[in-house]
Amino acid sequence: MVIKRQGEVDHLLKQGYLTELFSEKGKQSYMKNKQEPPKPPSPKMTVNVINAGEEINGVTYTTANKVSKVTITHGKWVRHVLEEESITFDDADVDGVLTPHNDALVISLLVHDTNVKRVLIDPGSSMNIILLRVLHEMQAEDKLVPKVHTLSGFDNSSVVTKGEVILTTFAEGVVKDTKFHVVEMEIAYNMILGRPWIHEMNVVPSTLHQVIKFPSPWGICQIRGDQ
């Protein structure tokens, strides 16, 4: 019975009730936990990719202009316990996306101090990958740790990495130090975020809806694809 009542009290607190019973210190802590997520640092530069034509690696991308948009659904925190929320996709998530399509899921993301465009979200990749060219543009070559790996593609092609680098990714208030393998080659993307980043972030991607969703201390966040 005590456990049941405790659960009922926790539920009421999560709904914003009973706050008048808090001490002054408790009220300050409660209001602090309801604050907006911290703003990421302003990017010093932007890394773009220029592609010839509309077909990249055999995949044709839609040419309609789509505005990238981010939506945050705020959760309520009481004593550092996040109210349970589900990650779901519905018809509203596909609004603005031309269907049917066969597009890859490509986003823009603040990495280190740079706004990086053409970032591929790839659950099929077991590594996070960044191009050496992009690392040069970030002026972050000093972070490169020489370490050789041989990466193989589905077509049995292979590439030897230049090393590893730890860079910070900022995704709507969620900050992660992320290990990337650095390669020197020409591909359609500046960066590939594979399963290590996807799982660490608890990201749920949907190529159909062209969006990723992930939990944060402020609720369920989402970032839309920008191709």
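Values below: every heavy atom of this structure, side chains too, minus hydrogens, waters and symmetry copies.
The side-chain heavy atoms of Pro215 and Ile87, taken from C-beta on, include a pair separated by under 4.5 Å. For the pair Val111 and Met138, the minimum side-chain heavy-atom distance is below 4.5 Å. Residues Ile198 and Ile121 are in side-chain contact: their nearest non-hydrogen atoms beyond the backbone lie under 4.5 Å apart. Taking 4.5 Å as the limit, every side-chain heavy atom of Thr168 sits out of range of all side-chain heavy atoms of His112. Considering only heavy atoms from C-beta on, Gln210 comes within 4.5 Å of Asp103 through its side chain. Between Met201 and Lys176, some side-chain heavy-atom pair lies under the 4.5 Å cut-off.
Within 6.0 Å of CD in Glu141 there are more than 12 heavy atoms belonging to other residues, nucleotides or ligands. Summarising the local packing, NZ of Lys162 is surrounded by 12 or fewer heavy atoms from other residues, nucleotides or ligands at distances under 6.0 Å.
What you find for Ser158 and Thr150 is that their closest heavy atoms are CB-CG2, 3.9 Å. Scanning all heavy atoms of the two residues, the minimum distance from Phe214 to Glu172 falls at CZ-CB, 4.2 Å. For the pair Val165 and Ile130, the tightest heavy-atom approach, listed with the atom from each and the gap, is CG1-CG2, 4.1 Å. In terms of heavy atoms, Gly225 sits closest to Ile107 at CA-CG2, 4.1 Å. The heavy-atom pair separating Thr161 from Lys147 by the smallest distance is OG1-O, 3.2 Å. In plain terms, the two heavy atoms of Lys117 and Ser108 that are nearest each other are CG-OG, 3.5 Å.
Considering only residues two or more places apart in sequence or on other chains, Asp90 meets the side-chain contact (heavy atoms from CB on, under 4.5 Å) condition with Ala92, Asp93. A search for side chain to side chain donor-acceptor pair (under 3.5 Å) contacts involving His209 returns Ser206, not counting sequence neighbours.
Leu110 and Val175 fall within a single hydrophobic cluster, where Ile, Leu, Val, Met, Phe, Trp and Tyr are joined by side-chain heavy atoms under 4.5 Å apart, directly or via other members. Under the 4.5 Å side-chain heavy-atom criterion for Ile, Leu, Val, Met, Phe, Trp and Tyr, Leu144 and Met185 are members of the same hydrophobic cluster. Connection of Leu208 to Val203 is not established within any shared hydrophobic cluster, with ILVMFWY side chains joined at heavy-atom distances below 4.5 Å, either directly or through further cluster members.
Taken from CZ in Phe170 to CG in Leu109, the straight-line distance is 9.5 Å, to the nearest 0.5 Å. Note that CD of Glu200 is 9.0 Å distant from OG1 of Thr169, once rounded to the nearest 0.5 Å. Atom CE of residue Met191 and atom CG of residue Leu131 lie 8.5 Å apart, to the nearest 0.5 angstrom. With rounding to the nearest 0.5 angstrom, the CD atom of Glu137 is 8.5 Å from the OG1 atom of Thr114. Taken to the nearest 0.5 Å, the CG atom of Asn190 stands 11.0 Å off from the CG atom of Leu120. Taking CZ from Arg118 and CD1 from Ile192, the interatomic distance works out to 11.0 Å, rounded to the nearest 0.5 Å.
At least one donor-acceptor pair under 3.5 Å links the side chain of Ser216 to the backbone N or O of Trp218. Within the 3.5 Å criterion, the main-chain N or O of Thr88 finds a donor-acceptor partner in the side chain of Lys213. Judged by distance alone, with hydrogens and angles left aside, the side-chain atoms of Ser125 form a donor-acceptor pair with the main-chain N or O of Met127 at under 3.5 Å.
Asn128 and Thr178 share no side-chain donor-acceptor pair at under 3.5 Å.
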* Evaluate the criterion side chain to side chain contact (heavy atoms under 4.5 Å, CB included) for residue pair Phe180 and Leu193; output intermediate values, then yes/no. => CA-CA 9 Å; Phe180 291 89; Leu193 289 174; 3.7 Å; yes

Carefully, step by step, assess Val211 and Phe89 under the rule side chain to side chain contact (heavy atoms under 4.5 Å, CB included). CA-CA 9 Å; Val211 67; Phe89 298 88; 3.3 Å; yes

* To do: Go through Ile212 and Leu105 one step at a time and tell me if the side chain to side chain contact (heavy atoms under 4.5 Å, CB included) criterion holds.
  => CA-CA 8 Å; Ile212 64 172; Leu105 181 48; 3.5 Å; yes

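Sequence neighbours left out, not one pair with a member in residues 185-195 passes salt bridge (charged side-chain N to carboxylate O under 4.0 Å, His left out).
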